Amino acid sequence: MPELPEVETVCQGIKPALVGSKFLDVILNRSNLRWPLPSDMPKRLKFSLVKKVSRRGKYILIEMDNLNTLIIHLGMTGRIIIIKDELSQEDVGAFYHNTARNSKTLTKVWEKHDHVVFKFVNMKGKEQNLIYNDTRRFGAMDLVKSEAVLSHKWLRNLGPEPLSSEFSLKYLEKRLTRKKNTIKSALMSQEVVAGIGNIYASEILWKSRVSPLRLSDTLRRIEINRIIKETKNVLNNAILKGGSSLKDFRNTSGGIGYFQMHFSVYDREKESCKNKKCSNKIQRIIQSGRSSFFCNNCQH
DNA sequence: GAAATACCCTGTGGGC
DNA sequence: TGCCCACAGGGTATTT
């Protein structure tokens with residue numbers, strides 16, 4: 001679910017509130033997500049200032065002025081929500097249905113799956129909460145020395161950023177030769193390229209007119225070139241859509257959520273191919289236990 | 001050693 | 001109506 005564009009949107013969304021803010025406390029409502037949470041996180045984050053918010057693949061990096069960096073992965077259902085400490089009636093209606101609606105001061109009641117709460121004071125002196133909510137708990141967090149971030153076991157084997165010049169025809173051609181897996185698997189492999197998941201892999205291959213069943217080492221140069229270009233197009237377009245929907249979403253609710261993407265093939269089994277010259281229906285197949293969606297007529 | 005599969009987890013929706 | 005099961009999927013551990 002949260003792939004590169006969604007993670008990028010979350011980063012852009014939390015950046016204005018977070019950079020320059022000071023953490024006051026961290027509340028761990030449980031001791032683990034996918035893996036144990038660092039139990040010393042409250043102690044190590046307390047009273048430190050946020051210097052920088054960035055992204056690497058699907059990981060969010062929050063760099064503090066005390067030389068610590070918080071690494072967050074949203075897994076499948078992880079969400080980050082920023083709310084004011086005291087909520088307006090409007091906020092409550094839009095966001096927190098089980099908040100004490102009738103009390104004079106509206107105090108936040110934790111929702112189910114609010115696993116970690118970061119309390120901070122922003123640059124305007126207002127106290128806010130950054131809430132990490134994750135239904136299926138496939139997400140993860142770690143707090144490491146900033147100098148060691150890129151050598152962290154979660155980050156050290158990541159391939160290049162797909163939107164960087166490093167992700168080029170020359171690079172991908174080299175990575176795909178002698179590979180005996182399918183191009184779908186290769187695109188989803190974070191060691192080949194960072195940030196692409198099951199949804200965008202299907203989207204990119206449909207746009208590139210390459211079948212997800214094709215073996216990586218059988219791709220022609222012209223096809224690899226299309227994959228490079230469409231990867232950048234598809235991800236950039238999704239980030240643009242995320243940015244604009246984020247703005248709308250904030251106007252109504254004051255928080256940050258995922259946007260509704262419209263997909264060309266993903267989750268469109270038995271529906272018509274979106275290529276106007278094609279009358280085929282989209283097929284769904286299972287590859288390595290994951291659904292792939294494609295058009296048998298347009299993709300070869 | 002590479003590639004495929006199992007597993008973790010919870011909410012949802014279809015079938016009976 | 002209610003129960004059961006399949007399914008969704010990122011990343012790691014285990015198996016092939």
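All values derive from a computational prediction rather than experimental measurement. Residue numbers start from 1 in every chain, and the chains themselves are labelled A, B, ... in the order their sequence lines are given, proteins ahead of strands.
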Subject >> NZ/NE/NH1/NH2 to OD/OE distance under 4.0 Å, A:K281 and A:E271 >> reply: no
Original post:
Whole-Å distance between C:dA8 C1' and A:I285 CD1?
Top reply: 17 Å
**OP:** Provide, to the nearest angstrom, the distance between the CE atom belonging to A:M188 and the C1' atom belonging to B:dA2.
**Re:** 17 Å
Subject >> Salt-bridge criterion met for A:E3 and A:K58 (N-O under 4.0 Å) >> reply: no
**OP:** Using atom CG of A:D134 as one end and atom P of C:dG10 as the other, report the distance to the nearest whole Å.
**Re:** 13 Å
Original post:
Does the ring center of A:F118 lie less than 6.0 Å from the ring center of A:F23?
Top reply: yes
Original post:
Hey, is the side chain of A:Q190 poking within less than 4.0 Å of OP1 or OP2 on C:dG11, counting only N and O atoms?
Top reply: yes
Original post:
How would you list all residue pairs meeting side chain to side chain donor-acceptor pair (under 3.5 Å) that involve residues 35-44 of chain A, not counting sequence neighbours?
Top reply: A:D40-A:R44, A:R44-A:N68
**OP:** Could you state the atom-to-atom distance from CG of A:L74 to C1' of C:dG11 in whole Å?
**Re:** 14 Å
Original post:
Rounded to whole angstroms, how far apart are CG on A:N157 and P on C:dA13?
Top reply: 12 Å
Original post:
Could you run down nucleotides 3-10 of chain B 5' to 3' and tag each one B, S or - for protein heavy-atom contact under 4.0 Å?
Top reply: SS---BBB
Original post:
Hey, is A:E191 close enough to A:R175 for a salt bridge, meaning N to O under 4.0 Å?
Top reply: no
Subject >> Parallel, tilted or perpendicular: rings of A:H115 and A:Y132 (30°, 60°) >> reply: tilted
